[in-house]
Amino acid sequence: MGSTSAEYDGTGGVGRRDLIKRSAALGLISVPTMSFLSACASSGGDDGGEKAKAGKKTAKNPLGVNETAGMEFVLFDGGFGKEYAQDAVKIYEKNFPGAKVKFSATQKIQSTLQPRFNQGTPPDLIDNSGAEQMDMGVLVGKNQLADLTPLLDAPSYDDPAKKVRDTLRPGIVEMGQFDGDPVWIMYYAYTVYGVWYSQKALDSLDEQYPETWDQMLAVCEKAKKKGMAGWTYAGKYPYYLPFSLYPMIAKVGGREVLDSIDNLEPNAWKHPAVKACFDAYYELQQKGYVLKGTPGLDHIQSQTAWAQGKALFIPNGSWVENESANVIPKDFDLAVSAPTGLDSSDKMPFGTIWASGGEPFVVPAKAKNGTGGMEQLRIMLSEASSKNFTSKVKSLTAYNGGTDGITLTPGLKSGVAALDKAGENVVNPRIQDWYVQLQKEQIGVSGLGEMMAGRLTPAEAIKKIQGFADAAAKDTSIKHYKHQ
């Protein structure tokens, strides 16, 4: 999310996916004139708005990067920090000593970069993540992104006999596609979504992770009697709830239920599996198994309360280990599991999990040095850069490997084990990529958030969300996407 992705400044202050200030559709927002816009409108310091001339293609420069052209790289300043990207920039500058890289990091991606897209002066490479993420579907629909196929078909950084695309984890290339073959986004991190918990806390209850909902309720009741809530979540940003709720829906009803939701099909949200899972989550709220005050907590506050042992379970992504490193006790024994199902009638087995690319990197179509942006990504997709990322931020990358010789942290080790257990039973809902506003503001805040705060029943939440989805399906101002 992106991602997912999380918006965190490393200080415990404003964090990833913080400040849910979703703006209007791309190109339709009104932004006050700011003096910095003219100062940062040019890319890498070259004259005017002309694109950099192509360089000579060689074995060491397969994309034909202009070796003296400046390159501008804007990173989302989130839970993964800046160091991994800065390290990769140093490699770029070493390889092209005549080129200057202008690197910056911000949490306000949309408000900082939207005006530059509108003016035709975007940077060359962007990590488009966080709460102020620019809407991917709109960017693609308005032809504002460059096709990354040249990068994918280029020789990989480590092995010229292998194309970049052949070094990536399953599903990464497909995630960057919207319609047909072009690939618009390179998701750099590989995120495991699910239910995160302390194995130590679970052991203290003499319990194992629950596989059925009756077992989940029993564990929560036992925790409640010991003064610990069963669950908490980012109440201010309840679009975190789908990290465990969506794969549960797939487990109960089959992955085709999620596909129909992604496709904005009529009555998709009225599927019995959706109702059953909404009922299950609502039961947590009704029985008092959710930490008191959770609807008022942001992601950092809820994660801190969970790390302090005030709640047993939290839906989240694998960035949480790095994002909450300063509050998770050393003996916490962090673990993640695929979502609990209902019972043996579920369509998919226990272990069905959501895992997909996170941290979406894009090269704007009007970038002055888009080839340089792609080369920076090629460097980042090397084994060395991947290992550096994994070592520093406790997360996997899109590079299929990069863990040899690294001592895996508890959460990362648990995430790898969860992927192994899932096997082919990995789901990847696309609604958060295709329809950002629908997913975050409407399904998340207005639907699930209200239900989990006890202000809507499951039936009311489903009716409301179906209405939002139907409106999005009929909205001719946005581009619509379908599973191929």
Side-chain angles (χ1 to χ4, degrees), residues 1-8 14-26 28-29 76 78-79 107-111 114 127-141 175 185 187 191 193 233-247 249 258 261-262 264 268-269 278 281 294-300 302 315-317 319 323 354 356-360 428-453 456 461-462 464-473 475 477-481:
M1 296 213 61
S3 320
T4 342
S5 240
E7 232 173 277
Y8 178 56
V14 176
R16 181 180 177 96
R17 295 182 178 82
D18 205 357
L19 304 175
I20 178 170
K21 295 178 180 176
R22 286 292 302 145
S23 300
L26 193 65
L28 302 178
I29 60 173
F76 169 64
Q107 292 190 358
K108 298 188 176 299
I109 292 292
Q110 178 159 306
S111 54
Q114 187 65 67
D127 174 16
N128 182 32
S129 190
E132 279 212 27
Q133 177 189 64
M134 292 178 287
D135 193 313
M136 294 294 191
V138 177
L139 286 171
V140 173
M175 272 198 74
I185 306 161
Y187 287 88
T191 301
Y193 301 97
Y233 58 91
K236 287 186 177 180
Y237 318 118
Y239 46 85
Y240 276 48
L241 286 164
F243 296 157
S244 56
L245 179 59
Y246 283 177
I249 290 171
L258 292 185
I261 286 173
D262 289 341
L264 303 181
W269 287 92
F278 273 45
Y281 271 59
T294 286
L297 301 180
D298 64 20
H299 61 295
I300 297 296
S302 60
N316 222 311
W319 63 78
E323 191 169 67
W354 179 0
S356 64
E359 291 311 299
N428 181 13
R430 300 305 307 278
I431 195 167
Q432 70 167 10
D433 310 312
W434 292 350
Y435 309 106
V436 175
Q437 186 176 13
L438 172 63
Q439 164 69 8
K440 286 188 174 182
E441 284 187 15
Q442 299 178 328
I443 296 170
V445 176
S446 298
L448 294 174
E450 290 296 287
M451 183 185 82
M452 292 304 289
L456 289 178
I462 287 170
K464 193 173 185 181
I465 290 171
Q466 186 64 61
F468 290 139
D470 290 343
D475 188 345
S477 72
I478 60 176
K479 186 168 174 62
H480 297 103
Y481 303 97

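- Formation of a donor-acceptor pair under 3.5 Å by the Asn128 side chain with backbone atoms of Gln133 is not found in this model.
- Between the side chain of Gln466 and the backbone N or O of Trp269, at least one donor-acceptor pair lies under 3.5 Å.
- With hydrogens and angles ignored, the 3.5 Å screen pairs a side-chain donor or acceptor of Lys464 with a backbone N or O of Ser446.
- When all heavy atoms are compared, the tightest approach of Pro238 to Pro242 is O-CD, 3.5 Å.
- Between Phe243 and Tyr240, the ring center distance clears the sub-6.0 Å criterion.
- Ring-plane geometry between His480 and Tyr435 is classed as tilted, the angle between the planes lying from 30 to 60 degrees on a 0 to 90 degree scale.
- Counted by atom type alone, Asp433 and Tyr187 present one or more donor-acceptor pairs between their side chains at under 3.5 Å.
- Here the side chain of Gln107 pairs no donor or acceptor atom with the backbone of Gly130 at under 3.5 angstrom.
- For the pair Asn428 (side chain) and Ser356 (backbone), a donor-acceptor distance under 3.5 Å is absent.
- Checking side-chain atoms of Tyr481 against main-chain N and O of Gly137 turns up a donor-acceptor pair under 3.5 Å.
- Scanning both residues, Glu323 and His299, for their nearest heavy atoms gives OE1-CD2, 3.8 Å.
- In terms of heavy-atom proximity, Met175 sits nearest to Arg430 at O-NH2, 2.5 Å.
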